[in-house]
There are 2 protein chains.
Amino acid sequence: MTEHTRRAPRQAEAERNDRALLQAAREVLALDGEHASVARIAERAGVGIGSLYRRYRTKEELFQRLCEIALDDYLAAAEQGLADDDPWAGLAHYVTSSIALGPGSLGPIAGTIALTDAMNASSERADAAVAALVERAHAAGVLRPDVTAADLELLIEQLTKSPLVDQLNRQGRTDLAEAARNARARITAIALDGLRAPAPHPLPGDPPGYELFTERWKPAT
Amino acid sequence: MTEHTRRAPRQAEAERNDRALLQAAREVLALDGEHASVARIAERAGVGIGSLYRRYRTKEELFQRLCEIALDDYLAAAEQGLADDDPWAGLAHYVTSSIALGPGSLGPIAGTIALTDAMNASSERADAAVAALVERAHAAGVLRPDVTAADLELLIEQLTKSPLVDQLNRQGRTDLAEAARNARARITAIALDGLRAPAPHPLPGDPPGYELFTERWKPAT
DNA sequence: GCTATACCGGAGCGAATCGCTCCGCAAGCG
DNA sequence: CGCTTGCGGAGCGATTCGCTCCGGTATAGC
């Protein structure tokens, strides 16, 4: 065997396939949730199952990579929000961007895969950025004072996954997808208006703790 | 064979089992969504699979019955709201009650079962009641004017299904269930505040049409 | 008590689907 | 051409599905 072997002949195709796989995985995961199958992902990517398993040794490894990307997307949205000088506009940008990112694949598979270092790192940075966004908005008096960062993240998660959109996709009713997106935008606007100061009355109960987020990535069923 | 045979020996037990089955089916459906299995339902009800299939000839028949009950619950919530003299309190009651009912089993199985006459009837009455609730709130000037009944129903659906609660249940973290419920109550309050008149700005896009609701009960994948 | 009967629980069937392996083949390079 | 490299997908064992079927059990009448 020679020292420097031949250059990879079909390397470009491999790279294209990898990108297609990640995109398809994201879509299928958003569609089928925790029951997304590798076969369906490969098919949607227009790639053989064999190629998928050459790139990722297991399904879990693929999902971990996907989570890392999704977490980075959320982080970017938060940091873009911070870059806006207007505290309210920055916060609103984070909320709408996060929701527009779609079910970033996180929710459905939380607790089903092991955490990687990259996931932990991005997650911590994102939490910090969101905390800063909330703090700044509070200081400026544009965010109702009894809303915490945990409230905000839970609200986003709640609005991210849409039963309606999911089902329409599953039925292949792409003709209604646009209407469904528009409907969700309206709901998002309603929720955002509910976040503005001043609040007509304080929120019920105690503020949610962060253990609701951390605990869910622990061992599954 | 004599004309009038013996009376049923174990009829009371059969009735108890039926109620347990419906309750269990509701819970499992809320937990596992479209992938709820009859075995799990029977187990949760503390009843054999055989007994389930003696009462309901197929899984679909059980789900249809469940849907009828859930639709009646929603209808009752709407009519209770109308019974309240205060337009806003009535509307808020409908929203919070619907959400508290939990994922009434409707969303997850929409499109997977055939519609019964009872389902259609309840559904129509419920739609009329909600329309009246919205109209009355508009007339009283307490509901932001650009919100339609369809907006409201979509908002409720969006808040009904909680990824967080579902996952915690699946992990058996009953210790966090209370915190999760409280967190959702806060989010519901935020959304309700966003619905109050006057609105800081009009909602984006066109009002959603009702075809988003009707179309989803059509033939599945 | 005993018998007849209505109802119970669950082992287990065939079918479907899962994650994943393995291998014959095609495409690009010298 | 020969060699390498990545490709697609048939198919494996395991699991899970909806559902059937039957031996057993509790109860009402005698």
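Chain letters run A, B, ... following the sequence lines, proteins first and then strands; every chain starts at 1.
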| CZ of B:Arg16 versus P of D:dT27: gap in Å, rounded? | 9 Å

| message | With a cut-off of less than 4.0 Å, is there a side-chain N or O of A:Asn17 near OP1 or OP2 of D:dG6? | response | no

| message | Looking at A:Asp206 and B:Arg186, is any side-chain nitrogen of the basic one under 4.0 Å from a carboxylate oxygen of the acidic one? | response | no

| request: Would you mind reading off the distance between B:Asp32 atom CG and D:dG18 atom P, rounded to a whole angstrom? | output: 11 Å

| note | When rounded to whole Å, the NE2 to C1' distance for the pair A:His35 and C:dG19 reads 15 Å

| request: Would you classify B:Ala45 as touching base, sugar-phosphate or nothing, given that sugar-phosphate means primed atoms plus P, OP1 and OP2, and contacts are heavy atoms under 4.0 Å? | output: nothing

| Check: A:Gln158 and B:Ser162 side chains under 4.5 Å, non-hydrogen atoms | yes

| Whole-Å distance separating the CZ atom of A:Arg54 from the C1' atom of C:dC22 | 11 Å

| query | So which one's nearest nucleotide on DNA chain C is more toward 5', B:Gly50 or A:Tyr53? | reply | B:Gly50

| said: Could you tell me how far apart A:Arg57 (CZ) and C:dT21 (P) are, to the nearest whole angstrom? | reply: 11 Å

| query | Salt bridge check: are B:Glu68 and B:Arg65 linked by an N-O gap of less than 4.0 Å? | reply | yes

| remark: Testing D:dC17, C:dG19, D:dG9 for proximity to the side chain of B:Ser37, the answer is D:dC17

| query | Rounded to whole angstrom units, what separation is found between the CZ atom of A:Arg40 and the P atom of C:dG19? | reply | 12 Å

| Under 4.0 angstrom between B:Ser51 side-chain N/O and C:dC7 OP1 or OP2 | no

| Which nucleotide, D:dC19, C:dC18, C:dC8, lies nearest any side-chain atom of A:Lys59? | C:dC18

| said: For A:Arg125, is there an ion pair with A:Glu79 - N to carboxylate O distance below 4.0 angstrom? | reply: yes

| query | Which whole-number value in Å describes the distance from A:Leu52 CG to C:dT21 P? | reply | 12 Å

| message | In this structure, how many angstroms lie between the P atom of C:dC8 and the CZ atom of B:Arg55, rounded? | response | 11 Å

| field | Rounded distance [0.5 Å steps], CG in A:Leu155 versus CD1 in A:Ile99 | value | 6.5 Å

